[in-house]
Enquirer: 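Take this structure first; my questions come after.
Every chain is numbered from 1 and lettered A, B, ... according to where its sequence line falls, protein lines coming before strand lines. Worth saying up front: this structure is predicted, and the values here are computed from it rather than measured. Because only heavy atoms are used, hydrogens play no part in the values below, and waters and symmetry mates are left out as well, while side chains stay in.
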Number of protein chains: 2
Amino acid sequence: MTAPVHRPDAHIAGRAVLVTGGLGFIGSNLALRLRAVGARVTIVDALIPEHGGDLRNLDPHRDDFRIESLDLRRGPPLRRLVRDQDLIFHLAGQVSHGDSMRDPEQDLGLNCVSTLNLVEACRHENPAAILVFSSTRQVYGRPRRLPVHEDDPVDPVDTNGIHKLAGEYYHILYHRTYDVRSVVLRLTNTYGPRQQLRNERQGVTSVLLFQALRGQRVRLFGDGTQRRDFNHVDDVVDALLLAATTPACYGQVLNLGAERPHSLNEFVAALSRHCRFEVEHVPFPDDRKLIDIGDYYGDWSRLRAATGWRPRLDLDAGMRQTVEFFRSHADVYLR
Amino acid sequence: MTAPVHRPDAHIAGRAVLVTGGLGFIGSNLALRLRAVGARVTIVDALIPEHGGDLRNLDPHRDDFRIESLDLRRGPPLRRLVRDQDLIFHLAGQVSHGDSMRDPEQDLGLNCVSTLNLVEACRHENPAAILVFSSTRQVYGRPRRLPVHEDDPVDPVDTNGIHKLAGEYYHILYHRTYDVRSVVLRLTNTYGPRQQLRNERQGVTSVLLFQALRGQRVRLFGDGTQRRDFNHVDDVVDALLLAATTPACYGQVLNLGAERPHSLNEFVAALSRHCRFEVEHVPFPDDRKLIDIGDYYGDWSRLRAATGWRPRLDLDAGMRQTVEFFRSHADVYLR
C-alpha cells in the first residue's frame with residue numbers, strides 16, 4: 001500500500017466542520033471519524049423517513065455533535081449554518097434511482113435545489129469554505145468503455161443521475177466563478193456499517209446484506225455476473241478527508257474505485273463466508289431493467305495521484321468487518 | 001440550397017400544437033408560422049416581466065390563438081393542457097446568462113422545474129406527444145474545438161447552462177424510458193423580428209440591434225472579433241418544424257448553426273448597411289468576462305442530414321428584413 005501524500009487528520013483537528021446528511025450512512029461514518037480526529041462537527045439532516053438518517057448512527061457519541069434538523073430545500077436558514085465552517089461535506093441527498101423515477105420532483109428538490117442552496121450560501125456567507133460533494137458514478141449511465149474515466153461522456157439514465165450531475169456542475173461553477181474550494185467525488189457502490197438495510201430501494205449492496213444477515217434467501221437479478229467496484233465506507237471516508245485537505249483536488253471531479261471489480265456473485269460469495277443463506281437468481285423486474293447499467297468500474301488514478309488514496313479494505317476484509325458490526329447492532333439495523 | 005427532406009407544413013396542418021413561451025421572441029414567430037400552415041395553436045406563457053413575452057408579438061392575429069397564462073413551475077394545471085396535443089414546442093424559459101448567476105434559484109425554477117413538470121405531464125397524460133425542446137449552445141461552455149459537435153463535452157459556464165442541460169437530459173430520458181418522441185435542438189445566436197430589444201440582459205444581438213435601430217452609439221465588448229453563428233428566427237422556426245416532423249430526430253440532440261460564422265464586428269457591419277450609428281469598443285465588464293466563451297460556432301451536419309434543413313437567410317438578407325420589421329413596428333419594440 002502506498003502511503004497517503006499527507007495525513008489529513010492534522011489538517012482537521014480543531015476545525016469547524018459541517019456534514020450535511022450527517023445522520024445517514026456515509027455521513028455518520030464521516031462524522032464519527034471527524035470527531036475521532038478532533039474536529040468540531042455540526043450535522044445537518046432533514047431526517048426524511050426511509051432516507052437513512054438515524055440518530056442511532058452516532059451512538060454512543062451522539063452528544064458530541066451539534067445536530068441541526070433542517071431541510072436544505074429551505075435556503076435561508078442554511079446561510080447562518082455555513083458561516084464559520086472550515087470544511088463542508090455535502091452528503092445529503094436522495095439516493096434511490098427508482099424513487100427518482102417515481103417522484104422526480106422530490107429528487108429535484110433533494111438533490112438539485114438543496115445543492116444550489118448550499119453553494120449559494122457558501123458564495124454569500126463563506127466563500128473561503130472547502131466544500132466536498134459526494135456525487136455518484138450513476139452520472140455516466142451505461143459505460144462506453146471500462147474502466148470509466150472522469151472525462152468520459154456523462155449520460156444519466158435516471159432523474160437521480162441528472163440531478164446529481166447538476167449538483168456537480170454547481171460545485172465546479174462556484175469554484176471557477178467565486179473561488180469556493182470545492183471537490184466532487186464520484187462514489188461507486190459503497191457498503192459497510194450504518195448502511196440502511198431496511199429500505200430495499202437504496203442500492204443492491206444494502207438489499208443483499210439485509211437478506212444475508214437475516215438468513216433469508218438472497219435474490220440476485222439476472223445472472224449475477226454484473227461487475228461493480230465495491231468500496232467499504234471507511235475507505236470512502238478516507239477519500240473524503242484526503243480530497244478536502246488536498247488543494248490539488250479543488251475544482252476537480254474525481255472517481256473513487258476498487259483495486260479490482262467484483263461481480264455481484266462474488267459479493268454474495270464473500271458474504272457467504274460469514275452468513276448462511278440460499279441464493280436465487282431471478283429475472284430483472286421491468287423498472288430495474290430500465291435503469292440497470294450492466295458492468296461498471298471506474299479509473300481512480302487521478303484521485304490516487306493527487307492524494308495517495310487507495311482502498312485499505314478488500315472485499316473479504318470489508319465484509320467480515322461489516323457483518324460483525326451488523327451482528328453486534330442487530331437490534332438497530334436488522335429488525 | 002438543398003431541398004428539405006420533406007415539407008413539414010403538410011404534417012402540421014390541422015394538428016393541435018402547444019407552444020410554451022409562445023408570446024416570446026422565438027415562440028411567437030413559431031406560433032404565427034404554425035397558424036399560417038393551418039395548425040390549431042395553444043400558447044402557454046407566464047408573461048414574466050422583462051422575459052420577452054408580449055401579446056403584441058401576435059398582432060394582428062392575436063385572436064386566432066388560444067392563450068393560457070400559466071407559470072410552468074406550477075405542475076398540475078399543465079397536465080390538462082398537454083392532453084390532446086399532437087405537437088408540443090417547449091420554448092418557455094429564462095434566457096439571460098447574467099440573470100441566472102444573480103438569481104440562480106429563479107433560473108432553476110424557470111428552466112429546470114418547469115421542464116420537469118412538462119415532461120412529467122406528457123408521461124402521464126400524453127406519452128404519444130411529439131416534444132421539441134429549444135436548448136442552447138451555452139451548454140458547451142468554452143469550445144475545445146471549432147466547429148462544435150453534439151458529442152463534444154458539455155461544460156456549462158453559468159447556472160443557465162446547467163439548467164438547460166438538465167432540461168435536455170429530461171427530454172432524452174423520457175424518450176428512452178417512456179417513448180415520448182422528444183427532440184432537443186441546441187440553438188445558437190438567434191436574431192430577428194419580435195426579438196425583445198429593451199432588456200439589455202437577453203443577449204448580444206438584441207443589445208446591438210437596439211442601439212443601432214435607435215441611432216445610439218453601438219458598444220462592443222472587447223475587440224469585436226469573437227465569432228458566432230447567427231441564425232435568423234425564420235430559419236430557427238424552419239428547424240423546429242422539421243425536427244418535430246422527422247422521426248429520425250426523436251431522441252436526438254441536434255445543433256443549429258450558420259453557413260459560416262461571423263464576428264460581432266461583421267454583425268455590426270451588416271447592421272450599418274441599414275442604420276446610421278457610431279461604434280465604440282469597450283473593455284469587458286467583470287461579470288460578462290466570467291461567462292464569455294470566446295469564439296463559438298457549431299457543426300449542424302446532423303440536423304441537415306436528418307431533415308435537409310439549412311438556413312435560408314444569410315446575415316445580410318436577414319438583417320435587412322429584421323431592420324425593416326423593427327422600423328415598421330418601432331412603437332412596439334423601440335420605445
Enquirer: Under 30°, 30 to 60°, or over 60°: which ring-plane class applies to B:His163 and A:Tyr170, parallel, tilted or perpendicular?
Expert: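 Rings of B:His163 and A:Tyr170: perpendicular, over 60°.
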Enquirer: So which residue, A:Asn117, A:Asp155, A:Val113, A:Asp151, ends up with the most heavy-atom pairs under 4.5 Å with chain B?
Expert: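 The answer is A:Asp155.
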Enquirer: Measure distances from B:Pro104 to the heavy atoms of chain A and classify the residue's part below 4.5 Å as side chain, backbone, both or neither.
Expert: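 B:Pro104 touches chain A through backbone and side-chain heavy atoms alike.
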Enquirer: What residue in B:Gly75, B:Gly109, B:Ala166, B:Pro156 has the most heavy-atom pairs under 4.5 Å with chain A?
Expert: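 Ranked by heavy-atom pairs under 4.5 Å with chain A, first place is B:Pro156.
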Enquirer: For a 4.5 angstrom cut-off between non-hydrogen side-chain atoms, does B:Leu116 reach B:Tyr174?
Expert: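 The answer is yes, as the side chains (C-beta and beyond) meet within the 4.5 Å cut-off.
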Enquirer: With B:Ser135 as reference, evaluate B:Val253, B:Val184, B:Asn255 under the side-chain contact (heavy atoms from CB on, under 4.5 Å) test and give the passing residue.
Expert: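 Of B:Val253, B:Val184, B:Asn255, side-chain contact (heavy atoms from CB on, under 4.5 Å) with B:Ser135 is met by B:Val184 alone.
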Enquirer: Is it the side chain or the backbone of A:Leu165 that comes within 4.5 Å of chain B heavy atoms, both, or neither?
Expert: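 Contact with chain B involves the side chain of A:Leu165 alone.
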Enquirer: Give, as side chain, backbone, both or neither, the part of A:Glu105 having an atom under 4.5 angstrom from any heavy atom of chain B.
Expert: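 Contact with chain B involves both backbone and side-chain atoms of A:Glu105.
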Enquirer: Salt-bridge test for B:Asp152 and B:Arg145: reply yes if a basic N is under 4.0 Å from a carboxylate O, no otherwise.
Expert: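 Counted as a salt bridge, because a side-chain N and a carboxylate O are separated by less than 4.0 Å.
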Enquirer: One pair to check against side chain to side chain donor-acceptor pair (under 3.5 Å): B:Asp229 and B:Thr188. What are the steps and the verdict?
Expert: CA-CA 7 Å; B:Asp229 36 16; B:Thr188 173; 2.4 Å; yes
Enquirer: Relative to chain A, which segment of B:Val119 carries a heavy atom at a distance below 4.5 Å: side chain, backbone, both, or neither?
Expert: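 Neither part.
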